[in-house]
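One-based numbering, in listed order, for ligands and for the atoms of each. Throughout, numbering of the chain's residues begins at 1 and tracks the sequence.
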Amino acid sequence: MASDKDRPLVGQAALVTGGARRLGRAISLALARAGADVVVHCHRSVAEAGALVRELRGLGRGAWVERAALDDAAQAEELFAAASRSAGGRLDILVNNASIFPKGRLGELDPADLDRNIRVNAFVPFVLGRALARERRGGCVVNMLDSRIMDYDAEHAAYHISKRVLATMTRMMALEFAPRVRVNAVAPGLVLPPPGEDDAYLKRFKRTNPLERHGSAEEVAEAVLFLARSGFITGQTVFVDGGRHMKGAVYG
Ligand SMILES: NC(=O)c1ccc[n+]([C@@H]2O[C@H](COP(=O)([O-])OP(=O)(O)OC[C@H]3O[C@@H](n4cnc5c(N)ncnc54)[C@H](OP(=O)(O)O)[C@@H]3O)[C@@H](O)[C@H]2O)c1
């Protein structure tokens, strides 16, 4: 039987944005298994979020769904307040996982697309992190980046820029929100196929990292958990990418 030693996050409450599906689901489950109560944010995946919350409650955790579009600062502030209320007036852990990943090369970059990517993928995570820091209780933020911040994702130019902004903001937030709030990041590599692709996509690209395999959602969640648990790490990015970030060549 699991003891409190196996559940280091007992007594803490987490908000996971985009937490109903894919990597967000694995992160929500890992946090709950470590003892945290979890607010699962969703936008469109309402049924998946409801099913996940039932599963988390089955583990004995407090769990709630909060639905919100996260396209601007006001929506982010409202989500934070609602999630905090659901969790009994406190949030200790924020995982900024929700993200958009539209295709588009630099040559066709449109200011509206660039603006939307930066708002959803970088500014909203910052606003949520700032709301946590304003609580003056302490806590930690984990921002989800992408292994490709280390080189160039030419096929997703606006996304690439937005994740680079978030990488810079991770360091800025870590400095500004210290000493009470730690801010770190996880940068996954080849883990889940993007929408419209299947496992053939993962097989096709697995040789693009030194370990020549794809990762699992659980391996990404394990890194989030590690950062949530550690008391003396801030401003750090953990690459969960089979070493992909050292190669510096997209799809290469
Ligand atoms: N999958 C990978 O292999 C991989 C690789 C590198 C980096 N990452 C990063 O890891 C994180 C998770 O990846 P993923 O592939 O699991 O993410 P995903 O499926 O692309 O998106 C996660 C969730 O974000 C939510 N979302 C998107 N736009 C939103 C909006 N405008 N307002 C509110 N919510 C919105 C959606 O929630 P609903 O479904 O509820 O609408 C979606 O399920 C992302 O930050 C991604 O950039 C993933």
Side-chain angles (χ1 to χ4, degrees), residues 15-30 39-53 65-76 78-80 82-83 94-103 113 115-125 127-128 141-151 153 155-156 158-167 169-170 185-199 201-202 205-206 208-209 213-221 223-224 237-242 244-245 250-251:
L15 167 62
V16 182
T17 66
R21 300 171 60 237
R22 292 168 54 86
L23 295 189
R25 182 177 196 283
I27 293 165
S28 299
L29 270 166
V39 180
V40 177
H41 157 264
C42 69
H43 181 214
R44 294 200 170 87
S45 302
V46 180
E48 290 92 333
L52 177 59
V53 157
V65 178
E66 288 296 341
R67 187 178 187 191
L70 288 177
D71 295 293
D72 62 38
Q75 291 168 330
E78 276 169 32
L79 170 65
F80 189 89
L94 164 66
V95 184
N96 279 313
N97 170 78
S99 172
I100 54 172
F101 184 54
K103 278 201 166 141
D113 289 340
D115 178 57
R116 177 148 197 264
N117 276 267
I118 290 178
R119 265 188 289 117
V120 176
N121 293 352
F123 193 65
V124 159
V127 171
L128 290 168
V141 178
V142 180
N143 291 326
M144 297 302 290
L145 299 177
D146 189 308
S147 165
R148 285 168 290 196
I149 56 165
M150 295 304 282
D151 43 57
D153 184 354
E155 302 295 333
H156 304 92
Y159 166 86
H160 178 71
I161 294 167
S162 71
K163 289 288 182 180
R164 283 202 157 194
V165 171
L166 185 58
M169 287 189 106
T170 299
V186 170
L190 187 66
V191 180
L192 296 178
E197 302 282 356
D198 57 18
D199 282 359
Y201 176 93
L202 300 178
F205 289 117
K206 68 181 186 182
T208 59
N209 70 65
R213 51 166 284 218
H214 67 83
S216 68
E218 289 69 30
E219 285 167 318
V220 174
V224 174
T237 297
V238 177
F239 287 86
V240 185
D241 67 345
R244 167 76 183 75
H245 64 284
V250 172
Y251 308 143

Student: Please report the shortest heavy-atom distance between Asn97 and Thr17, naming the atom on each side.
Tutor: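 Between these two residues, the closest heavy atoms are N-OG1, 2.9 Å.
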Student: Residues in ring-ring contact (aromatic ring centres under 6.0 Å, His included) with Phe80, at least two apart?
Tutor: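 Testing Phe80 for ring-ring contact (aromatic ring centres under 6.0 Å, His included), a comparison that skips the adjacent residues, returns none.
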Student: Among side-chain atoms of Asn143 and Thr170, is any donor-acceptor pair under 3.5 angstrom?
Tutor: yes
Student: Which residues satisfy the ring-ring contact (aromatic ring centres under 6.0 Å, His included) test with His160, sequence neighbours excluded?
Tutor: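 Expected list: Tyr152.
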Student: His214 and side-chain contact (heavy atoms from CB on, under 4.5 Å): which partner among Val191, Asp241, Leu202?
Tutor: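 So, applying the side-chain contact (heavy atoms from CB on, under 4.5 Å) to His214 and each of Val191, Asp241, Leu202, only Leu202 qualifies.
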Student: Give the residues near ligand 1 by chain and number, with the criterion being a heavy-atom distance under 4.0 Å.
Tutor: Gly18, Arg21, Arg22, Leu23, His41, Cys42, His43, Arg44, Ser45, Ala68, Ala69, Leu70, Asp71, Asn97, Ala98, Ser99, Ile100, Arg116, Met144, Leu145, Asp146, Tyr159, Lys163, Pro188, Gly189, Val191, Leu192
Student: Return the set of residues passing side chain to side chain contact (heavy atoms under 4.5 Å, CB included) with Ala30 (not counting sequence neighbours), or none when no residue passes.
Tutor: Ala221, Leu225
